[in-house]
A.B. asks: 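First, the structure itself, so that you have it in front of you.
Per chain, numbering begins at 1; letters A, B, ... match sequence-line order.
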Amino acid sequence: MSAKNFLEEIIEADLKSGKYQRIVTRFPPEPNGYLHIGHAKSIHLNFGLADKYGGITNLRFDDTNPTTEETEYVESIKRDIRWLGYEWENEFYASDYFEKLYEFAERLIRKGLAYVDHSSSEEIAAMKGTPTTPGMESPYRNRTVEENLELFRKMRAGVFPEGACVLRAKIDMASPNMHMRDPVMYRIKYESHHRTGNTWCIYPMYDFAHGQCDSLEGITHSICTMEFEVHRPLYEWFIEKLEIFPSRQYEFARLNLSYTVLSKRKLLQLVQEGHVSGWDDPRMPTLAGLRRRGYTPEAIREFCERIGVARRDNLVDVGLLEFCIREDLNRRALRRMVVLSPLKLILTNYPEGQVEWLPVENNPEDPAAGTREIPFSRELFIEQEDFMEEPPKGFLRLAPGRTVRLKSAYVIRCDDVVKDDRGNIIAIKASYFPETRSGSDSTVKVKSTLHWVSAAHAVPVRVMLYDRLFKVENPAASEEPLGSLINPNSLLVVERAMAEPDLRTASLGVHYQFLRKGYFVLDPSSTPDLPVFNRTVTLKDHWAAKTSEH
RNA sequence: UGACCUGUGGUGUAACUGGCAACACGUCUGACUCUGGAUCAGAAGAGUCCUGGUUCGAGCCCAGGCAGGUCAACCA
């Protein structure tokens, strides 16, 4: 049993004291963008906590601003949550409560706790003061209840133009908390709403909507990120004055991931400035991007579990995310052989025209995955980087005179190097040892095993090699323009990699491990003539790590 | 110059609510291996932001500092 985080302790205390019989949480996205891994943390918390303690979770779209919100996002958000593996109890919209919220507003007006302010937004901002200096009261602050009621009704009726006035809570213009300085509750917008159409021309602000929606749904634990902490006194003020169900807000520190950015604004910027191909570019930390990259929901959930939750700032090593996906894919990925950068290997003592179909296991971690047969012949491709004419110390692969094993086939020895006029290596001549065929009890020892593919049977495929999008660890904290921080090698396209025949019929959603090269999935842009594979993540590679150090 | 939040190995979280700091990732060894993967075994690495105080005893309590974050949208 894992250690409890602070939210679990709060919930357990509330359950134990009998304050609640069951907990109710909610995930409240604004439908104005795509979900990313930071949202996954929140989703995992809200749904996971309810799950663990036998409660329920609502999905509630926070759609109080018709200017930026669209139905398209509603659909993508629902798809992403389901993909992660969660199902909500109820699907609600803040807009479902517009009428109720309007009543709440009138209730506050009647209590003398809200007023219509005809100051301009500039004037309101000016009178708000600063964090270190108190604000000033609006000249409209002391209108009578009757006057306010009438004006507010006129606002709703469409009597006033946009920006003419707002409804404000009457709290304290001298509060050290800026959010308590008579916050705006309603503003006028002649804008069509994705669900309510044109029935409203006034829309509630976040602060006047979120807490009341929580309350109306009986949310017991309203979990949000730290930046809303300063809103909590206001959240509680509305609930107290309205005398409605006291939902409680608890804050946690949002996720920061190294070598990436997770703010909606910056993600949008990456898309708009063309640094990525779109919201679902496999380098994006969006759920759509991760999915296309080959990340599994299980790995993402495991990641969310491992990072834990606290209230302090954090920068999680993206290496942990990579660990999680490797751990998951190692168990399930089908092994295949693909040579990314082909170097011809000619077996001079192998009969011309002969083809052997050799059995190969599909997944050594999972015997149930069975075996397949792959063709072996006189001319093969091996990886260019698996041969060095003058190998440095520590290089275990092929070199003149050396022997290595070809995976699931034979041990071979490099006899000769074929070069063109300019001295480039264009082929390797080698001999094979028939008695070392895989499965025989040959006792020949070699230092390494290479992946390979039969030249005559090879299927050309395109391979997209993705790396981290940014070259600096914490791009969000950098002063430099985002564009200048992009890793120039975040995408390397291999136009003609050589794959074993089976991959001609690869299917979407199946995870493959290209032996010694990493985990891959088919990209939707594939065509029958040209399969395209995205690299999800490389294999852990001590040799590569060691050689790239200097 | 204000208010609020936060400060534990490189990173992320723990520490039975006062009993000389644990787990994971990463790193480094070694074993094994027909993937330099996986697996297995082991190691190094913090004395808990600082200074005082209370206490037999403090990462946990108190005081004062310091550092980081958040807050001045008719955004959420």
A.B. asks: Can any side-chain N or O of A:Q384 pair as donor or acceptor with the backbone N or O of A:P342 at less than 3.5 Å?
C.D. replies: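 Side chain of A:Q384 to backbone of A:P342: a pair is present.
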A.B. asks: Check step by step if ring-ring contact (aromatic ring centres under 6.0 Å, His included) holds for A:F238 and A:F104.
C.D. replies: CA-CA 9 Å; A:F238 281 131; A:F104 284 155; 9.8 Å; no
A.B. asks: Are A:L49 and A:H221 side-chain neighbours, meaning at least one heavy-atom pair lies under 4.5 Å?
C.D. replies: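 Sidechains of A:H221 and A:L49: no contact.
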A.B. asks: Considering every strand and a 4.0 Å limit on heavy-atom distances, what is the contact class for A:F228: base, sugar-phosphate, or nothing?
C.D. replies: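 If one applies the 4.0 Å heavy-atom cut-off, A:F228 turns out to touch a base.
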A.B. asks: If the P atom of B:rG64 is compared with that of B:rC4, how far apart are they to the nearest Å?
C.D. replies: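 B:rG64 and B:rC4 have their P atoms separated by 12 Å.
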A.B. asks: Please determine, for the side chain of A:E229, which listed nucleotide (B:rC4, B:rA76, B:rC25) has the closest atom?
C.D. replies: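 That would be B:rC4.
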A.B. asks: Does anything in residues 166-177 of chain A pair up under salt bridge (charged side-chain N to carboxylate O under 4.0 Å, His left out), and if so which pairs, sequence neighbours excluded?
C.D. replies: A:D117-A:R168
A.B. asks: Would A:Y295 and A:F303 count as a ring-ring contact (aromatic ring centres under 6.0 Å, His included) if you check the C-alpha gap in whole Å, the side-chain angles of each, and the deciding distance to 0.1 Å?
C.D. replies: CA-CA 11 Å; A:Y295 272 80; A:F303 172 73; 8.9 Å; no
A.B. asks: Do A:H179 side-chain and B:rA3 base share a donor-acceptor contact under 3.5 Å?
C.D. replies: no
A.B. asks: Across the strands shown, which category fits A:E122 at heavy-atom distances under 4.0 angstrom: base, sugar-phosphate, nothing?
C.D. replies: nothing
A.B. asks: For the CG atom of A:D214 and the CD1 atom of A:I239, what is their distance to the nearest 0.5 Å?
C.D. replies: 7.0 Å
A.B. asks: To check you understand the geometry: which heavy-atom pair defines the closest contact between A:E69 and A:D62, and what is its length?
C.D. replies: OE2-O, 3.4 Å
A.B. asks: Using atom P of each nucleotide, how far apart are B:rA41 and B:rC23 to the nearest Å?
C.D. replies: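 These two P atoms come out 14 Å apart once rounded.
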A.B. asks: Mark up nucleotides 31-50 of chain B, 5' to 3', with B wherever a protein heavy atom is under 4.0 angstrom from a base atom, S wherever such an atom reaches only the sugar-phosphate, and - elsewhere.
C.D. replies: ---BBBBS------------
A.B. asks: Does any nucleotide pair with B:rU70 by Watson-Crick or G-U wobble geometry, both distances under 3.5 Å, and what is it?
C.D. replies: B:rA3
A.B. asks: Give me each pair satisfying salt bridge (charged side-chain N to carboxylate O under 4.0 Å, His left out) with a member in residues 123-137 of chain A, each pair once, sequence neighbours excluded.
C.D. replies: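 Qualifying pairs, neighbours excluded: A:E137-A:R141.
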A.B. asks: Once you round it to whole Å, what is the distance between P of B:rA22 and NZ of A:K4?
C.D. replies: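 Nearest whole value for this atom pair: 20 Å.
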A.B. asks: Write down the distance between CG (A:L320) and P (B:rG26), rounded to a whole number of angstrom.
C.D. replies: 8 Å
A.B. asks: Using modelled atom types and a 3.5 Å cut-off, is there a donor and acceptor pairing between side-chain atoms of A:N177 and backbone atoms of A:V230?
C.D. replies: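 Yes, the answer is positive, given that a donor and an acceptor are paired below the 3.5 Å cut-off.
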A.B. asks: What nucleotide, of B:rC75, B:rC25, B:rU6, holds the atom closest to the side chain of A:M205?
C.D. replies: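 Closest of the options to the side chain of A:M205: B:rC75.
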A.B. asks: To the nearest angstrom, how far is A:L45 atom CG from B:rU13 atom C1'?
C.D. replies: 13 Å
A.B. asks: Any strand is fair game: report the nucleotide pairing with B:rA76 by Watson-Crick or G-U wobble, both distances under 3.5 Å, or none.
C.D. replies: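 Per the H-bond distance test, none.
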A.B. asks: Taking any heavy-atom pair under 4.0 Å as a contact, classify A:Y206: base, sugar-phosphate, or nothing.
C.D. replies: base
A.B. asks: Examine distances only and state if a side-chain atom of A:N58 and a backbone atom of A:R60 form a donor-acceptor pair shorter than 3.5 Å.
C.D. replies: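 No.
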A.B. asks: On a whole-Å scale, what distance lies between the C1' atoms belonging to B:rA58 and B:rA43?
C.D. replies: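 Roughly 30 Å separates the two C1' atoms.
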A.B. asks: When the P atoms of B:rG7 and B:rC75 are compared, how many Å lie between them, rounded to an integer?
C.D. replies: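 Here B:rC75 and B:rG7 have their P atoms 34 Å from each other.
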A.B. asks: Is any side-chain N of the basic residue among A:D502 and A:R372 closer than 4.0 Å to the acidic one's carboxylate O?
C.D. replies: no
A.B. asks: Side chains of A:L398 and A:I412: does their closest heavy-atom pair fall under 4.5 Å?
C.D. replies: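 Side-chain contact under 4.5 Å: yes.
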A.B. asks: Once you apply a heavy-atom cut-off of 4.0 Å, does A:S119 come out as touching a base, just sugar-phosphate, or nothing?
C.D. replies: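 Base, at least one base atom sits under 4.0 Å.
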A.B. asks: May I have the distance from A:I188 (atom CD1) to B:rA73 (atom P), rounded to whole angstrom?
C.D. replies: 19 Å
A.B. asks: Taking NZ, NE, NH1 and NH2 as the nitrogens, is one of them in A:R311 or A:E229 under 4.0 Å from a carboxylate oxygen of the other?
C.D. replies: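 Looking at A:E229 together with A:R311, the answer is yes, because their closest N to O distance falls below 4.0 Å.
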A.B. asks: Go ahead and name the base partner of B:rC16; Watson-Crick or wobble counts if both distances stay under 3.5 Å, otherwise write none.
C.D. replies: none
A.B. asks: Return whichever of A:H210 or A:N314 has its heavy-atom-nearest nucleotide of RNA chain B closer to the 5' end.
C.D. replies: A:N314
A.B. asks: Can you measure A:E12 atom CD to B:rC16 atom C1' for me and round it to whole angstrom units?
C.D. replies: 13 Å
A.B. asks: Looking for any heavy atom pair under 4.0 Å, which part of the strands does A:N32 touch: base, sugar-phosphate only, or nothing?
C.D. replies: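 No contact.
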A.B. asks: How far, in whole Å, is B:rA44 from B:rA38 if one measures between their P atoms?
C.D. replies: 23 Å
A.B. asks: By nearest atom, which of the nucleotides B:rU17, B:rC75, B:rG12 is closest to the A:L315 side chain?
C.D. replies: B:rG12
A.B. asks: Can you find a pair of side-chain heavy atoms, one from A:Y102 and one from A:I202, that are under 4.5 Å apart?
C.D. replies: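 Touching, per the 4.5 Å side-chain cut-off.
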A.B. asks: For nucleotides 66-68 of chain B, which of its nitrogen or oxygen atoms have a protein nitrogen or oxygen under 3.5 Å away, and what is each distance?
C.D. replies:
none

A.B. asks: Which ones in residues 159-174 of chain A lie close to RNA chain B, meaning a heavy atom under 4.0 Å from one of its atoms?
C.D. replies: A:G163, A:V166
A.B. asks: Whole angstrom is fine here: how far is it from NZ in A:K41 over to P in B:rG12?
C.D. replies: 11 Å
A.B. asks: Report the glycosidic orientation of B:rG47: syn if within 90° of 0, anti in every other case.
C.D. replies: syn
A.B. asks: Could you tell me how far apart A:L234 (CG) and B:rC4 (C1') are, to the nearest whole angstrom?
C.D. replies: 15 Å
A.B. asks: Under 4.0 Å from OP1 or OP2 of B:rC23: is there any side-chain N or O of A:R306 that close?
C.D. replies: no
A.B. asks: Determine the Euclidean distance between corresponding C1' atoms of B:rC56 and B:rC20; express it in Å to zero decimal places.
C.D. replies: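 Those two atoms are separated by 13 Å.
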A.B. asks: If pairing requires Watson-Crick or G-U wobble contacts with both distances under 3.5 Å, which nucleotide is the partner of B:rG10?
C.D. replies: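 The answer is B:rC25, by the H-bond criterion.
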A.B. asks: For B:rA38, give its Watson-Crick or G-U wobble partner with both distances under 3.5 Å, or none.
C.D. replies: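 Pair assignment: B:rA38 / none.
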A.B. asks: List the steps and the verdict of side chain to side chain contact (heavy atoms under 4.5 Å, CB included) for A:H194 and A:Y93.
C.D. replies: CA-CA 11 Å; A:H194 75 117; A:Y93 294 77; 4.2 Å; yes
A.B. asks: Going by a 90° cut-off around 0, is B:rU70 syn or anti?
C.D. replies: anti
A.B. asks: Could you check whether any side-chain N or O of A:R335 sits under 3.5 Å from a backbone N or O of A:A333, counting only pairs where one atom can act as donor and the other as acceptor?
C.D. replies: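 Side chain of A:R335 to backbone of A:A333, a donor-acceptor pair under 3.5 Å: yes, one is there.
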A.B. asks: Counting only Watson-Crick or G-U wobble pairs whose two distances fall under 3.5 Å, which nucleotide matches B:rA63?
C.D. replies: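 B:rA63 is paired with B:rU51.
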A.B. asks: Going by number, which of residues 124-137 of chain A have a non-hydrogen atom under 4.0 Å from RNA chain B?
C.D. replies: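 Of all residues in residues 124-137 of chain A, the ones placing a heavy atom under 4.0 Å from RNA chain B are A:G129, A:T130, A:P131, A:T132.
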A.B. asks: Could you tell me how far B:rG65 sits from B:rG57 if I compare only their P atoms? Round to whole Å.
C.D. replies: 26 Å
A.B. asks: Would you compute the distance between atom CG of A:L45 and atom CD of A:E8 and round it to the nearest 0.5 angstrom?
C.D. replies: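 If we round to the nearest 0.5 Å, A:L45:CG and A:E8:CD are 9.0 Å apart.
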A.B. asks: With no hydrogens and no angle check, is any side-chain donor or acceptor of A:R181 less than 3.5 Å from a backbone partner on A:S175?
C.D. replies: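 Checking the backbone N and O of A:S175 against the side chain of A:R181, a donor-acceptor pair under 3.5 Å is found.
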A.B. asks: What's A:R312 touching, base or sugar-phosphate or nothing? Going by heavy atoms closer than 4.0 Å.
C.D. replies: base
A.B. asks: To the nearest Å, give me how far apart CD (A:E305) and P (B:rC23) are.
C.D. replies: 18 Å
A.B. asks: What's A:H451 touching, base or sugar-phosphate or nothing? Going by heavy atoms closer than 4.0 Å.
C.D. replies: nothing
